[in-house]
Undergrad: 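What follows is a single structure, and I will ask about it in a moment.
Note that ligands are numbered from 1 as they come in the structure, with each ligand's atoms numbered from 1 the same way. If you read the sequence from its start, that first residue is 1, and numbering goes on from there.
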Amino acid sequence: MKNIDAYTHTRGESIYLDDIPEIAGTLYAACFDSPLAHGNIKYLDTSAAASSEGVVRVLTFRDIPGINQIGGIIADEELLAAHQVHFCGMPVALVIATTVQQARAALKKIRLEVDPLPVITDPRVAAGKGELIVPPRSFSMGDCSAAWRDCDFIYEGQANSNGQEHLYIETQGAYAIPGENGVIKIYSSTQSPTAVQRAISKVTGLPMHMLEVEVTRLGGGFGGKEDQANTWAALCALATNILKRPVKYALSRMEDMRMTGKRHPYSSDFKIGLSKALKIIAYDVTFYQNAGAAADLSPAIMERTLFHCTNTYFVPNARATVYSCRTNLPPNTAFRGFGGPQGMFVMECAIATAAEHLGITAAAIQHANLLQTGDELLYGQKVLSEASACWEKAVTHYQLDQINKEVSAFNNQHRLQKKGVALMPICFGISFTNTTMNQARALVHIYTDGSVLVNTGAIEMGQGVNTRIVQVAAQTLGILPGRIKINSTNTSRIANTSPSAASATADLNGHATRIACNTLLNRLKTVAAAALNVEVEVITIREERVYVGDSMSLLDWTQLVLATYNQRVSLSEHAHYATPGLHFNKALEKGHPFAYHVFGTAITTVTVDCLRGTYEVDAVRLVHDAGNSMNPLIDLGQVEGGLVQGIGWMTMEEVVYDAEGKLRSNALSTYKVPDIYSVPKIIEVKFLETAQDNPGILRSKAVGEPPLMYGIGTYFAIRNALRHFKPGTRPAFDAPMTPEKLLINLYPEEAAALDIRQQEIPGLQMLPAT
Ligand code: LUZ
Ligand code: MOS
């Protein structure tokens, strides 16, 4: 089934936050954010701004009637800086004016003086000073210390991966509208309406039932709006609460890039030990997560790093420790994969290190260690799925031998162009690692004309969840998709929603929808059985007709719905779903946190121009385990999009903060995202044919995050091409492998002589401060 939003998207008619018709009297907000990364506030003067043309009010922390606190997991994040600033871009004051231009103009009249404090941007420096967000956490299995004795080969190394800007096409924003008796309705571009509602409740002191959060759709989230939509919604609601006027704030791209957190950069140390048979005997890894200035979701993200630190390999003796390090950067946050990709990257660096020292392909080690059905992961859960099936299928279906032969032939014929190949197998756990969050509700109404309205907590952000929910309702009720409408997401209709995140949105909200529809179906069937004078067990509804056994009755859907209403039987149902079987013991760090795992394997081929340091991704050919895909079109879109986003993270997107904690890659002119010219020339996706059962919705597996990790393969394919040009070279693992870095790695002596890195820094400092 085609995405139900395709029609309005292609015509430009879909409604995003900034498209909502504005109410007369709407005011516009703009945020004054800290120009310094760390310091004590000496002096803040907003009087000139307050008397600036069109300005209605300037708010600071003193205007907050509730508590000045928006930390979700830990209460360590002020909405508006009170006495200290902790990062460049930290909100300090909010200007509210009659027009957007007036609000922005007034920002320039705010005077802030800060006594600077030392700025930390490096997570290892933070850890050295004991600047940790939470105590470190460790997972272990087997006996890592003893196992080194049994290893024939042991290698150690370091791996760094950088952050990533979410770059949702729709920037962050909110629009708050006052109602009678102090209630506030808030439109928010959020993945988590309940998180927004909670944050506003804390800040304004209003109970949650006075706050209605409404979301039609987002122009992308990617994790960036799981927690960080709260700030703008809370600021608008705060202003509305004080002024009793509608207040809107849609961030500009540069505001958004400057003030919001990104994917966490990680710096990690690894040690890997193997047997002569290439079995990984032991793996020890320590992660330094760059959390930024406040916790945000970092404690949950560090947990998912631990869960995914051995990727898709069986490692009998493993130990992993993660430090969540407080630095003076904007609080880093959820981003597709949620710490999993960072963990998996380090494992792949460890395998590459071993392969390079042993003079074999990484694939030989990867293949020898793939999880087999029944193998235990270091958190105690066993994999119950065809863990190595995708790898085997990819190797045969895409003829890896042939690919390797062609690449060798090319490399023998070309001196300055080299091709590289890499395989990237993935394993990703599906469920929120916080067991509590694995619940959802659906409210389904059938109207007397037979049309159906489905409400859930799911947020449509382009991923197609609404289309999937239509499919669930249509299949369950036995009616056509066109009869079903998915309502906007609203906290007054569906309460206590979990964020649309963790790839679990369609599973959780789809199952809740299925349960509600089944309850309604049973009521309808009971009425049909009485009307047709048969047993209820023989009734089915198919294609909007009521069947008795195999024969079509005279009753159709609309007649049955009306008959049910006339009998005074409810045509509405509110259902609850909680993923069964989940548990996790944090004292032991063992349990069964995931409903299931998603697997896959990608084969990536690249061509590097070894004179210029540029590269092209020739092809990514992959086999992906989508279970019994309920919508292969949507799944394909998620796989392609995730892959390209992963390639961007690994090869071209470079978040640059200077030593003062100021974001230098603060616009699309200095931050390179994949465009249509940088996507692989060939993307081939084969969905694994599998008869195996899984607890996904309609046996269709979650697909949102896992494909991002295929992009890691491109990093290693480029590295392999580089090593064909310069045999024996082993550059530092420092993702992304931008063309600039690749060139430096191709010609390290020349780069050192030119002192390229040295020259770069004064050039950057000449940029005007924003
Ligand atoms: N968000 C969250 C997530 O709160 N918990 C998770 O486990 C998670 N996983 C992936 C993406 N977002
Ligand atoms: Mo996410 S990283 O699933 O919000």
Undergrad: At less than 4.0 angstrom from any non-hydrogen atom of Ala501, what atoms of ligand 1 do you find?
TA: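 The atoms of ligand 1 under 4.0 Å from a heavy atom of Ala501 are 12 (N).
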Undergrad: How far is atom 4 (O) of ligand 1 from the closest protein heavy atom, and which atom is that?
TA: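 For atom 4 (O) of ligand 1, the nearest protein heavy atom is Glu226 OE2, 2.9 Å.
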Undergrad: Tell me yes or no: between the side chains of Glu303 and Thr433, is some donor less than 3.5 Å from an acceptor?
TA: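 Their side chains do contain a donor-acceptor pair, which is all the 3.5 Å distance test asks for.
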Undergrad: Considering both backbone and side-chain atoms of Ala502, is one of its nitrogen or oxygen atoms within less than 3.5 Å of a nitrogen or oxygen in ligand 2?
TA: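 Yes: some nitrogen or oxygen of Ala502 is under 3.5 Å from one in ligand 2.
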Undergrad: Output yes when the distance from some N or O of ligand 1 to some N or O of Thr433 is under 3.5 Å, and no in every other case.
TA: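 Yes.
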Undergrad: Starting from atom 5 (N) of ligand 1, which protein heavy atom do you reach first, and at what distance in Å?
TA: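 Protein heavy atom at minimum distance: Phe432 CD2, 3.3 Å.
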Undergrad: Could you walk me through whether Phe307 and Phe139 pass the ring pair (Phe, Tyr, Trp, His ring centres under 6.0 Å) check?
TA: CA-CA 8 Å; Phe307 283 117; Phe139 283 12; 5.0 Å; yes
Undergrad: For ligand 2, which atoms have a heavy atom of Gly223 less than 4.0 angstrom away?
TA: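 Counting atoms of ligand 2 from 1, those under 4.0 Å from Gly223 are 1 (Mo), 2 (S), 4 (O).
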Undergrad: Look at ligand 1 and say whether Arg336 reaches it with a heavy atom at a distance under 4.0 Å.
TA: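 Contact absent.
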Undergrad: Does any N or O atom in Glu226 lie less than 3.5 angstrom from one in ligand 2, N or O only?
TA: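 For ligand 2, there is an N or O atom that lies under 3.5 Å from one belonging to Glu226.
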Undergrad: Is there side-chain contact between Tyr657 and Cys88, with heavy atoms separated by less than 4.5 Å?
TA: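 The answer is no, as the side chains (C-beta and beyond) never meet within the 4.5 Å cut-off.
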Undergrad: Have Tyr266 and Gln289 got a donor and an acceptor in their side chains that come within less than 3.5 Å?
TA: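 Checked: Tyr266/Gln289 side chains pair up, N/O donor to acceptor below 3.5 Å.
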Undergrad: Quick one: does ligand 2 sit under 4.0 Å from the side chain of Arg336, the backbone, both or neither, non-hydrogen atoms only?
TA: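 It is the backbone that touches ligand 2; the side chain stays farther off.
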Undergrad: Is NZ or CZ of Lys701 both nearer than 6.0 Å to the six-membered ring centre of Tyr596 and within 45° of the ring axis?
TA: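 Checked: cation-pi criterion not met.
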Undergrad: Suppose we measure from atom 6 (C) of ligand 1 to each protein heavy atom; which comes out shortest, and what is that distance?
TA: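 In this structure, atom 6 (C) of ligand 1 has Phe338 CE2, 3.4 Å as its nearest protein heavy atom.
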Undergrad: Has the side chain of Asn311 got a donor or acceptor atom that lies under 3.5 Å from a matching backbone atom of Tyr313?
TA: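 Flag not set: sc Asn311 to bb Tyr313 has no pair under 3.5 Å.
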Undergrad: For Asp675 and Ser678, indicate whether the former's side chain and the latter's backbone hold a donor-acceptor pair under 3.5 Å.
TA: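 A pair under 3.5 Å: yes.
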Undergrad: Just jot down the ligand 2 atoms closer than 4.0 angstrom to any heavy atom of Phe335, in number order.
TA: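 This gives 2 (S) as the contact atoms.
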Undergrad: If you measure from the Lys or Arg side-chain nitrogens to the Asp or Glu carboxylate oxygens, is any gap between Glu705 and Arg336 under 4.0 Å?
TA: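 Result for this pair is no, no salt bridge flagged.
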Undergrad: Which protein non-hydrogen atom lies closest to atom 11 (C) of ligand 1, naming both residue and atom, and how far is it?
TA: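 Looking at atom 11 (C) of ligand 1, the protein heavy atom closest to it is Glu705 OE2, 3.0 Å.
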Undergrad: Just need the protein heavy atom nearest to atom 9 (N) of ligand 1, so name the residue and atom and give the distance.
TA: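 For atom 9 (N) of ligand 1, the nearest protein heavy atom is Arg304 NE, 2.9 Å.
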Undergrad: Going by atom types only, do Thr435 and His583 share a side-chain donor-acceptor pair under 3.5 Å?
TA: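 Absent: no donor and acceptor within the cut-off.
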Undergrad: Will you find, in the side chains of Ser700 and Asn628, an N or O donor that is under 3.5 Å from an N or O acceptor?
TA: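 The criterion, which ignores hydrogens and geometry beyond distance, is not satisfied for Asn628 and Ser700.
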Undergrad: Mind checking whether Ala300 contacts ligand 1 via backbone (N, CA, C, O), side chain (CB onward), both or neither, at a 4.0 Å heavy-atom cut-off?
TA: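 None of Ala300 does.
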Undergrad: With heavy atoms of Gln191 as the reference, note each atom of ligand 2 found under 4.0 Å away.
TA: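 Here the atoms of ligand 2 in question are 4 (O).
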